[in-house]
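Structure first, then comments.
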Amino acid sequence: MFTSTSYPLDASDWRGLFIKHISTALARSGLINLRQWAPPGDRDFCVIDASTEEEAEWLAALMHRGGISHWLRAKPVSGISAAIKLLRMLNTAYRRNKDVDLHHINWLQCALPLPADGKPVLVTALGNDMKLLRMPMMRHALRHALRNRPAMICPNADWMREPLYESFGDLAEIRPIPFGVDPQWYAIRRQPKEPPCWLAITRLTQNKLGPLFEWSEPLFRSGKRQLHLFGPMQEQVVIPDWIFYHGPAKSRQLIDEWFPRVHGLITLSCHAEGRPQVMLEAMAAGMPIIASHLPAHADIVEDGVTGALCGSPSEYAKAVEKLEDRDLNHAQGETARALAHGRIGTWDDCASRYMAAYRCLLKGAAHD
């Protein structure tokens with residue numbers, strides 16, 4: 001059973017899109033029968049919906065509120081009540097589907113209510129999960145959920161391996177499994193336009209934006225270059241008048257209109273990132289990336305090879321100006337594309353990595 005509290009409602013929905021890509025690729029493999037417990041949305045015809053009507057309605061409302069993490073941050077009191085309800089709902093779903101061979105659970109918190117049935121479990125971990133582990137008793141509760149069963153924790157980036165091993169290495173295998181990228185991103189051919197145009201694609205919160213506005217103003221206010229911002233407004237953020245804001249990004253719009261013409265992607269986030277999917281898509285499209293110094297960004301961007309890592313306004317300014325050289329921009333972008341193809345691949349490659357993990361877990365279950 002494939003479990004997630006996020007899932008896109010339709011083709012225009014950006015929320016939980018990577019979950020749809022993973023489940024569709026797993027179903028497309030034809031090697032497993034996949035049940036999915038997740039918010040309502042378009043499913044592959046091979047995927048069996050494991051949620052009840054009541055659960056689906058509640059999960060849809062949860063998605064509308066921005067997810068459980070956003071709810072807890074925005075309104076902690078009601079958020080705690082919602083989190084308890086979610087855990088109870090998950091426990092009921094796990095018990096109702098007791099005949100499955102294996103659980104694939106997205107996000108560590110969703111493993112908390114696993115019944116003590118010994119079923120093998122694969123749990124993904126993203127950047128926000130690492131922040132979750134700092135909560136009181138969280139490690140203890142997760143260790144209790146994972147004990148006495150074949151278990152594997154699969155972060156989507158290598159930098160999370162060590163802290164996860166320190167917490168759970170005696171109970172679970174820690175195996176980083178990167179997500180994939182749709183082939184249409186690899187097919188993009190770029191021809192950057194003048195004046196230089198840069199993209200920032202992020203949820204609009206203070207932490208996700210980081211110092212983007214402050215560091216960018218001296219470079220972009222004059223109009224000699226442009227900064228185009230895409231993303232949903234999740235906090236009340238005042239956007240400067242020299243930034244071109246377009247609202248939430250749509251994949252088709254980025255593929256057809258924006259990625260081919262821009263000089264690169266900028267992210268100065270100070271949020272707890274895992275491995276941002278938009279950065280992988282930018283690499284696949286042959287775009288250099290300018291990013292802040294975070295473990296998640298250093299895991300993707302090779303400074304001076306596929307873009308730049310910046311820790312100050314002056315480093316940021318130098319990176320922008322340097323990467324507006326056409327030849328250097330092209331060279332670093334094509335290196336990024338080659339690295340994405342070799343290290344990340346497609347969603348089918350991602351599904352193959354998960355299938356290999358499933359086989360290991362089921363083999364371990366057979367030996368117990």
Side-chain angles (χ1 to χ4, degrees), residues 14 17-18 21 157 178-203 208-210 212 215-216 219-220 225-231 243-244 246 248-269 273 275-294 296-310 315-347:
W14 58 271
L17 186 57
F18 71 97
H21 284 307
F179 295 155
V181 176
D182 194 283
Q184 61 188 337
W185 299 98
Y186 290 104
I188 292 173
R189 291 296 175 263
R190 296 173 55 243
Q191 291 184 325
K193 306 298 183 183
E194 297 294 335
C197 180
W198 291 85
L199 280 185
I201 304 173
T202 181
R203 290 184 286 113
K208 293 287 283 185
L209 288 166
L212 179 68
W215 291 10
S216 297
L219 304 175
F220 291 92
R225 57 174 65 89
Q226 297 177 358
L227 179 58
H228 292 262
L229 175 64
F230 287 83
I243 286 181
F244 298 84
H246 303 274
K250 295 181 180 179
S251 295
R252 194 73 260 162
Q253 183 184 16
L254 296 176
I255 291 168
D256 292 341
E257 180 180 355
W258 290 101
F259 274 31
R261 62 179 285 231
V262 300
H263 280 68
L265 181 76
I266 296 171
T267 174
L268 299 180
S269 170
E273 303 285 359
R275 181 180 263 165
Q277 189 64 25
V278 68
M279 294 177 70
L280 300 183
E281 291 165 350
M283 286 183 66
M287 289 169 58
I289 299 170
I290 297 176
S292 51
H293 275 290
L294 290 181
H297 294 164
D299 193 54
I300 297 174
V301 179
E302 293 190 26
D303 192 30
V305 178
T306 63
L309 296 171
C310 303
E315 289 179 351
Y316 174 61
K318 288 178 182 177
V320 170
E321 292 168 0
K322 189 175 180 180
L323 282 168
E324 287 174 356
D325 177 86
R326 184 177 296 273
D327 291 338
L328 181 65
N329 188 288
H330 176 77
Q332 293 200 8
E334 287 306 304
T335 300
R337 192 198 305 268
L339 288 174
H341 193 273
R343 297 177 184 176
I344 304 300
T346 66
W347 289 108

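All residue numbers refer to positions in the sequence shown, counting from 1.
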> Can you tell me how far CG of L294 sits from CG of D299, rounded to the nearest 0.5 angstrom?
Replying inline: 11.5 Å
> With R203, which residues qualify under salt bridge (charged side-chain N to carboxylate O under 4.0 Å, His left out), at least two apart?
Replying inline: none
>> Using modelled atom types and a 3.5 Å cut-off, is there a donor and acceptor pairing between side-chain atoms of Y186 and backbone atoms of V181?
In response: no
> Can you find a pair of side-chain heavy atoms, one from E281 and one from L254, that are under 4.5 Å apart?
Replying inline: no
>> Test of understanding: with side-chain hydrogen bond (donor to acceptor under 3.5 Å, both in side chains), list the residues that count as partners of Q226, not counting sequence neighbours.
In response: H228
> Which one of R190, E324, H263 satisfies the side chain to side chain donor-acceptor pair (under 3.5 Å) criterion with N329?
Replying inline: R190
> Heavy-atom distance under 4.5 Å between the side chains of S251 and L17, does that happen here?
Replying inline: yes
>> Any non-hydrogen side-chain atom of S269 less than 4.5 Å from a side-chain atom of K208?
In response: yes
>> One pair to check against side chain to side chain contact (heavy atoms under 4.5 Å, CB included): I290 and W198. What are the steps and the verdict?
In response: CA-CA 10 Å; I290 297 176; W198 291 85; 3.7 Å; yes
> Are a donor atom and an acceptor atom from the side chains of Y316 and S292 found within less than 3.5 Å of each other?
Replying inline: no
>> Using 0.5 Å steps for rounding, measure from the NE2 atom of H297 to the CG atom of L268.
In response: 8.5 Å
> Which atom pair, heavy atoms only, marks the closest approach of G180 to I344?
Replying inline: CA-CG2, 3.9 Å
>> Keeping Q332 on the side-chain end and G304 on the backbone end, is there a donor-acceptor pair under 3.5 Å?
In response: yes
> With no hydrogens and no angle check, do the side chains of W215 and E315 hold a donor and an acceptor under 3.5 Å apart?
Replying inline: no
> Are D182 and W347 close enough that some pair of their side-chain heavy atoms sits under 4.5 Å apart?
Replying inline: yes
> Can you check whether I255 reaches W185 side chain to side chain, under 4.5 Å on heavy atoms?
Replying inline: yes
> How long is the span from the OG1 atom in T267 to the CG atom in L209, to the nearest 0.5 Å?
Replying inline: 9.0 Å
> Under 4.5 Å between any side-chain heavy atoms of H21 and F179, yes or no?
Replying inline: no
> At their closest point, which heavy atom of A291 faces which heavy atom of M279, and how far apart are they?
Replying inline: CB-CE, 4.2 Å
> Quick one: CG on L227 to CZ on F220, what's the gap to the nearest 0.5 Å?
Replying inline: 4.5 Å
> Would you find more than 12 non-hydrogen atoms of other residues, nucleotides or ligands less than 6.0 Å from H341 atom NE2?
Replying inline: no
> From I300 CD1 over to R343 CZ, what is the distance, rounded to the nearest 0.5 angstrom?
Replying inline: 10.5 Å
>> So which atom in L212 and which in A200 form the shortest heavy-atom distance, rounded to 0.1 Å?
In response: CD2-CB, 3.9 Å
> When you look at NE2 of H330, are more than 12 heavy atoms from neighbouring residues, nucleotides or ligands closer to it than 6.0 Å?
Replying inline: no
> What pair of heavy atoms forms the shortest contact from P183 to T346, and how long is it?
Replying inline: CG-CG2, 4.1 Å
>> Using side-chain heavy atoms (C-beta onward) and a distance below 4.5 Å, is T202 in contact with V278?
In response: no
> Given side chains that start at C-beta, do those of E194 and R326 come closer than 4.5 Å, heavy atoms only?
Replying inline: yes
> Any donor and acceptor pair, going by atom type alone, linking the side chain of R337 with main-chain N or O of M283 inside 3.5 Å?
Replying inline: no
> How far does NE2 of H246 sit from CH2 of W258, to the nearest 0.5 angstrom?
Replying inline: 4.0 Å
